[in-house]
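Take a look at the structure below.
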Amino acid sequence: MKREDGITPTRENCVYSSCYWVLLVSDWLCCMFLFYSEENVWKLCEFVKKERTAPLEHLSVVFISNENRMVPLWKQKSGRGDQPVIWDYHVILMVRGLQSDALVYDLDSELSFPCSLKLYGAKALRSDRNIRPDYHRKLRVVPADSFLLKFASDRSHMKASDGSWKMPPPPYPPIHTAESHMNLDDFISMDPAVGWGTVLSLDHFLRSYAENSSSASSSS
């Protein structure tokens with residue numbers, strides 16, 4: 001399968017499912033619920049592990065959300081102009097240590113695939129300084145091997161009360177483990193005592209991964 005960077009398939013060749021409801025809230029475009037970004041990223045991690053295109057320890061899965069499940073991201077394909085999209089949560093893949101800058105893989109972004117974390121931070125994440133506290137972002141950084149081993153979703157959040165699908169599910173079977181069929185909320189939660197990985201504020205995340213990536217590489 002064709003790859004642009006030797007790590008993942010090209011954007012158009014990735015396993016990708018996208019379902020969302022679109023609502024207008026105030027002056028921002030609001031896309032809430034019904035989304036499969038976590039499964040899209042799981043499939044990217046699975047590809048890297050299976051094809052051995054990069055050491056898995058260089059990959060991290062990043063869940064973006066907050067206690068209110070209202071987080072703005074810019075440069076999303078479902079956005080309008082320079083308005084942000086407000087997700088209940090969003091998931092991206094981050095790769096570090098293979099070149100000077102950390103890279104972000106976001107299948108729903110208008111930015112390049114992959115995109116440097118510095119550019120993604122500046123264009124898509126931006127800053128919490130000038131937005132309401134209700135929208136401040138937190139990020140759960142989970143090692144890719146832990147994500148592949150622990151993540152499970154029965155897609156029940158995609159079903160109506162009568163059991164019918166609100167939107168068509170992806171064509172492959174639901175992802176589950178021997179221990180769980182559904183733990184998506186543990187990954188979306190920004191409670192550090194819950195789930196796997198490390199929970200960081202947006203500023204802490206960018207200082208830790210975007211600002212330090214080049215300097216860490218040059219000093220090694």
Tell me, do [X] and [Y] make a side-chain contact under 4.5 Å, heavy atoms counted?
X: Tyr89; Y: Val71; result: no
X: Leu73; Y: Pro84; result: no
X: Trp87; Y: Gln76; result: yes
X: Tyr105; Y: Ile7; result: yes
X: Phe63; Y: Phe147; result: yes
X: Met94; Y: Leu59; result: no
X: Ile131; Y: Pro72; result: yes
X: Glu39; Y: Arg155; result: yes

Can you tell me if [X] and [Y] form a side-chain donor-acceptor pair at under 3.5 Å?
X: Ser201; Y: Asp203; value: no
X: Asp106; Y: Tyr120; value: yes
X: Trp74; Y: Glu110; value: no

Considering all heavy atoms, the nearest [X]-[Y] contact:
X: Ser146; Y: Val142; answer: CB-CG1, 4.1 Å
X: Ala210; Y: Lys118; answer: O-CE, 3.2 Å
X: Leu93; Y: Cys45; answer: CD1-SG, 3.8 Å
X: Asn66; Y: Arg69; answer: OD1-N, 2.7 Å
X: Leu139; Y: Leu202; answer: CD1-CA, 3.6 Å
X: Leu206; Y: Gly121; answer: CD2-CA, 4.1 Å

Test item: [X] side-chain N/O and [Y] main-chain N/O as donor-acceptor pair under 3.5 Å:
X: Asn183; Y: Lys150; value: yes
X: Asp128; Y: Arg137; value: yes
X: Ser109; Y: Lys75; value: yes
X: Lys77; Y: Leu107; value: yes
X: Ser208; Y: His204; value: yes
X: Arg140; Y: Ile64; value: no
X: Asn68; Y: Asp134; value: yes

Would you compute the distance between atom [atom1] of [X] and atom [atom2] of [Y] and round it to the nearest 0.5 angstrom?
X: Asp154; Y: Ser180; atom1: CG; atom2: OG; result: 8.0 Å
X: Trp42; Y: Ser37; atom1: CH2; atom2: OG; result: 15.0 Å
X: Glu211; Y: Leu117; atom1: CD; atom2: CG; result: 10.0 Å
X: Ser65; Y: Met190; atom1: OG; atom2: CE; result: 5.0 Å
X: Lys123; Y: Ser116; atom1: NZ; atom2: OG; result: 11.0 Å
X: Lys49; Y: Asp145; atom1: NZ; atom2: CG; result: 8.0 Å

Are Lys138 and Glu67 close enough for a salt bridge, meaning some N to O gap below 4.0 Å?
->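 Looking at Glu67 together with Lys138, the answer is yes, because their closest N to O distance falls below 4.0 Å.
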Please lay out, stage by stage, how Glu38 and Phe187 fare under the test side-chain contact (heavy atoms from CB on, under 4.5 Å).
-> CA-CA 9 Å; Glu38 69 280 357; Phe187 288 92; over 6 Å; no
Not counting sequence neighbours, which residues clear salt bridge (charged side-chain N to carboxylate O under 4.0 Å, His left out) with Asp191? List them please.
->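 So Asp191 forms no salt bridge (charged side-chain N to carboxylate O under 4.0 Å, His left out) with any residue.
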Phe151 vs Thr177, side-chain contact (heavy atoms from CB on, under 4.5 Å): CA-CA, chis, key distance, verdict = CA-CA 7 Å; Phe151 174 76; Thr177 70; over 6 Å; no
Quick check: are there more than 12 heavy atoms from other residues, nucleotides or ligands sitting under 6.0 Å from CG of Asn130?
->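 Counting other residues, nucleotides and ligands, CG of Asn130 stays at 12 neighbours or fewer.
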Would you kindly confirm whether Leu125 and Leu119 end up in one hydrophobic cluster when ILVMFWY residues are joined by side chain heavy atoms under 4.5 Å apart?
->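 Cluster IDs for Leu125 and Leu119 differ.
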Give the C-alpha distance, both sets of side-chain angles, the deciding distance and a yes or no for side-chain contact (heavy atoms from CB on, under 4.5 Å) between Asp108 and Val85.
-> CA-CA 11 Å; Asp108 298 283; Val85 171; over 6 Å; no
Starting from the C-alpha separation in whole Å, work towards a yes-or-no answer on side-chain contact (heavy atoms from CB on, under 4.5 Å) for Val91 and Val61.
-> CA-CA 7 Å; Val91 190; Val61 177; 3.5 Å; yes
Going through the distances and angles, do Lys43 and Glu46 end up as a salt bridge (Lys or Arg N to Asp or Glu O under 4.0 Å)?
-> CA-CA 5 Å; Lys43 284 293 186 181; Glu46 180 188 50; 3.3 Å; yes
List in chain and number order the residues that pass ring pair (Phe, Tyr, Trp, His ring centres under 6.0 Å) with His176, two or more places apart in sequence or in another chain; answer none if no residue qualifies.
->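 Ring pair (Phe, Tyr, Trp, His ring centres under 6.0 Å) check on His176 returns His181.
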Taking the inter-plane angle between the rings of Tyr209 and Phe205 on a 0 to 90° scale, is it parallel (under 30°), tilted (30 to 60°) or perpendicular (over 60°)?
-> tilted
